[in-house]
Amino acid sequence: MHKYRTHTCSEITKKDAGATVKLSGWIHRKRDHGNLLFFDLRDHFGLTQCVMENSNSFFKIAEKIKPESVVSVVGKVISRSSDSVNKDLFTGEVEVKISSFDILSESKDLPMPVFGEQDYPEETRLKYRFLDLRREEMHENIILRSKVISFIRNKMIDSGFLEFQTPILTASSPEGARDFLVPSRVHPGKFYALPQAPQQFKQMVMISGFDKYFQIAPCFRDEDGRADRSPGEHYQLDIEMAFVEQDDVFKIVEPLFFELFTKFGKGKEVSKNPFKRITYKDSMLKYGTDKPDLRNPIEIVDVTEIFKRDDVKLDIFKKVIQKGGIVRAIAAPNTSSKPRSFFDGYNNWAKEEGAKGLGYIILEKNKDKFVGKGPIGKFFSEDAINLLVKACKLNDKDSVFFSSDRINEVEKISGIVRQKLGKDLNLINNKKFEFCWITDYPMYQYDEKEKKIDFSHNPFSMPKTDIKNFDKVDPLSIFAYQYDLVCNGCEISSGAIRNHLPDLMYKVFSKVGYSKSEVNSKFEGMIKALSYGAPPHGGMAPGIDRIVMLLAEKENIREITLFPMNQNAQDLLMGAPSDLNEPQLKELNIKVIEKKK
RNA sequence: GGGGGUGUAGCUCAGUUGGUUAGAGCGCCUGCCUGUCACGCAGGAGGUCGCCGGUUCGAGCCCGGUCACUCCCGCCA
């Protein structure tokens with residue numbers, strides 16, 4: 001007989017009745033009748049009920065042992081009588097009558113029970129992560145994560161991609177997020193950086209002549225956490241392909257996501273290939289965001305022209321327009337019977353979000369004629385109302401909100417109003433995964449704070465413009481071969497066709513104020529590599545954590561991460577970050593400066 | 001760095017207008033119990049009400065500060 005088990009805890013059925021089996025696992029739950037003891041034995045696979053009578057020589061020990069202790073038992077499989085079958089359990093038709101009971105590892109009193117579905121404080125869960133992970137839901141989430149990763153890996157290999165590891169200790173890069181730095185012992189005063197992504201390495205792989213690369217790559221960014229963003233580290237499916245255009249990348253990624261989400265998406269409907277393609281500009285107009293939730297049917301409409309009309313007498317909005325502002329409309333289907341508080345609620349909420357507030361019109365039909373009600377309805381002529389109805393595709397019983405301000409503010413607020421309406425009015429179909437590509441990102445944006453032009457995305461992306469005219473055009477009008485993959489309002493990937501031309505690279509960087517020599521020094525390896533024959537190439541890097549969150553229907557990244565840090569970037573289980581002792585610091589030539597309070 | 005929320009028993013939470021000795025369920029301990037599967041029954045232990053200060057005759061409750069966790073903004077090419 002095997003030292004620990006002949007079967008797992010989710011294996012024994014009626015067929016095994018009469019057999020003697022050995023099981024090992026955790027004491028999940030005890031039910032002590034004084035002279036008769038039941039306990040559920042749990043392992044990774046499931047539960048088996050064990051039973052013991054007081055005549056058993058192990059009875060006293062078993063009665064005393066605490067839940068979550070690990071034991072090994074030997075016993076005979078007994079068919080349960082029909083009235084004592086537990087239909088909720090795979091092994092519920094049998095139980096094991098214990099003949100031998102061996103304690104492998106005792107548990108102390110628990111800081112949090114494993115049994116049950118109650119919520120526990122995040123702090124306790126992280127501190128005792130190994131207990132939290134024993135719980136069924138967490139256990140399932142982590143298993144799902146593993147399966148997702150193997151599915152992806154198999155699919156990538158089947159599609160002709162090679163999996164490579166790239167360095168974890170590398171050089172700090174001047175663009176992007178804050179780096180995590182590692183001091184060099186050998187080179188006092190110098191530092192390695194952990195990669196924010198293997199961006200430059202994957203391009204080097206292409207330049208090295210490999211055709212298709214992927215990696216489930218750890219990425220390190222020293223930025224603050226959010227519910228859907230771990231501080232410190234996350235994983236990306238890093239992909240890069242040589243001799244490709246944007247569509248070639250899409251054609252590899254679309255079936256991968258369709259199959260992945262169909263297989264692990266709990267029967268939800270997944271967007272068919274090809275996924276919808278929406279330009280950045282259109283997305284900002286129609287959805288007020290570059291990560292639209294397409295399950296929400298509401299589309300934002302620009303109605304600036306209507307508000308300019310003489311038969312619309314709303315001076316506040318007209319003034320905004322005169323100053324270069326715009327007006328956009330967000331329809332709220334079937335809300336005309338909502339109480340005044342509904343509309344005022346939105347208006348107040350928008351102000352809290354930092355907007356100037358929202359106007360609204362409630363639509364009614366009077367003898368086949370649309371009439372605009374609500375505080376500003378009276379400022380619209382019949383013609384103007386009809387134009388609005390047509391532009392926004394409004395129906396009788398709808399109402400419509402208006403936001404008026406500078407374009408950036410309007411886009412922002414209309415996007416969140418649209419999403420709030422979708423949620424509040426129950427317009428979002430939770431049984432769907434709606435994918436789309438957002439394409440044609442602007443290469444540059446104007447940084448209001450720094451008062452200068454900056455990259456809006458990845459500086460290594462190929463600009464969508466003629467290289468000869470690059471210097472002549474307004475940088476803010478230049479688009480890039482830069483795309484995002486979005487699902488249900490969640491950005492799950494960014495990607496691009498890369499700029500493989502050193503001359504163009506200098507020009508691209510010169511627009512944000514980098515001289516040729518600065519580019520040479522800051523991206524020395526990259527520029528060098530591009531100067532000895534680089535294939536046109538491109539790729540993307542979907543976020544593994546986000547994908548698993550969507551599939552597991554979790555809002556919080558810690559629910560699908562084995563050993564996450566808390567929001568303050570601390571590992572409460574291992575105690576990271578931690579102090580170093582003097583000799584360690586000395587060896588690294590590091591002096592800690594006490595922070596003044 | 002900024003804003004919001006939370007903090008009462010090991011855990012989940014209640015605690016009225018500021019008023020006697022701060023409660024319940026789960027867990028834990030003791031006893032009883034041979035068919036439970038959230039076993040049951042009886043009893044018991046367990047509290048610096050996050051911490052510091054203030055107001056008050058009196059503070060879990062009000063005020064100021066602070067800490068922790070969390071959510072958001074900034075940040076995340």
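Owing to the predicted nature of the structure, the values given are computational and were not obtained by experimental measurement. Within every chain, numbering begins at 1; the chains are lettered A, B, ... in the order of the sequence lines, protein sequences first and strands thereafter. Keep in mind that the numbers below use all heavy atoms, side chains included, and drop hydrogens, waters and symmetry copies.
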Calculate the interatomic distance between [X] atom [atom1] and [N] atom [atom2]; express it in whole Å.
X	N	atom1	atom2	answer
A:E63	B:rC32	CD	C1'	11 Å
A:M112	B:rA9	CE	C1'	18 Å
A:Q49	B:rC39	CD	P	10 Å
A:D83	B:rC37	CG	P	12 Å
A:E136	B:rA38	CD	P	13 Å
A:F59	B:rG35	CZ	C1'	13 Å
A:D32	B:rC29	CG	P	11 Å
A:E123	B:rG10	CD	C1'	14 Å

Have a look at [X] and say if it touches a base, only the backbone sugar-phosphate, or nothing, with a 4.0 Å heavy-atom cut-off.
X	answer
A:E53	base
A:D88	nothing
A:N56	nothing
A:N568	sugar-phosphate
A:F115	sugar-phosphate
A:F38	base
A:Q196	nothing
A:R125	nothing
A:P111	sugar-phosphate

Quick one: does A:D224 reach the base of B:rG74 with a side-chain donor-acceptor pair under 3.5 Å?
yes
Side chain A:R229 and base B:rC75 donor-acceptor under 3.5 Å:
yes
For [N] and [M], measure between their [atom1] atoms and round to the nearest Å.
N	M	atom1	result
B:rC29	B:rU20	C1'	30 Å
B:rU16	B:rC52	P	23 Å
B:rC61	B:rG18	P	11 Å
B:rU8	B:rC72	C1'	27 Å
B:rA42	B:rG25	P	11 Å
B:rU66	B:rG58	P	26 Å
B:rC63	B:rG5	P	12 Å
B:rC32	B:rC49	C1'	36 Å

May I ask you to test the A:L530-A:I207 pair for a side-chain heavy-atom distance under 4.5 Å?
yes
Would a 4.5 Å heavy-atom cut-off, applied to side chains only, mark A:Y444 and A:S456 as touching?
no
With respect to the side chain of [X], which nucleotide from [options] is positioned closest?
X	options	answer
A:E95	B:rC76, B:rG35, B:rC29	B:rG35
A:N566	B:rU70, B:rC37, B:rG74	B:rU70
A:R80	B:rC11, B:rC71, B:rC37	B:rC37
A:R29	B:rU36, B:rC75, B:rA38	B:rA38
A:H33	B:rC33, B:rC11, B:rC69	B:rC33
A:P121	B:rC28, B:rU70, B:rU12	B:rU12
A:R221	B:rC69, B:rC28, B:rC76	B:rC76
A:D109	B:rC75, B:rC28, B:rC72	B:rC28

According to the Watson-Crick and G-U wobble definition with distances under 3.5 Å, which dot-bracket string, read 5' to 3', encodes RNA chain B, using [ ] for crossing pairs and | for pairs with another strand?
(((((((..((((.....[...)))).(((((.......))))).....(((((..]....))))))))))))....
Can you tell me if [X] touches the phosphate of [N], counting only side-chain N or O atoms and a distance under 4.0 Å to OP1 or OP2?
X	N	answer
A:R226	B:rC73	yes
A:R31	B:rU36	no
A:Q570	B:rC69	yes
A:R558	B:rC71	yes
A:N86	B:rG35	no
A:K66	B:rC29	yes

I want to know whether [X] and [Y] have ring centres closer than 6.0 Å.
X	Y	result
A:F101	A:F59	no
A:Y483	A:F250	yes
A:F220	A:F180	no

[X] to [Y], cation-pi by 6.0 Å centre distance and 45° axis angle:
X	Y	value
A:R498	A:F460	no
A:K30	A:F39	no
A:K464	A:Y481	yes

Quick one: list whatever passes side chain to side chain contact (heavy atoms under 4.5 Å, CB included) with A:S403, sequence neighbours left out.
A:L358, A:V410, A:I413
Holding to side chain to side chain contact (heavy atoms under 4.5 Å, CB included), I want the full list of residues that pass it with A:Y446, two or more places apart in sequence or in another chain.
A:E448, A:K451, A:I453, A:L476
Assign each of A:G176 and A:M565 the nucleotide of RNA chain B bearing its closest heavy atom; nearer the 5' end lies the nucleotide of A:M565
Would the distance check show the side chain of A:K202 and the main-chain N or O of A:I239 forming a donor-acceptor pair, the cut-off being under 3.5 Å?
yes
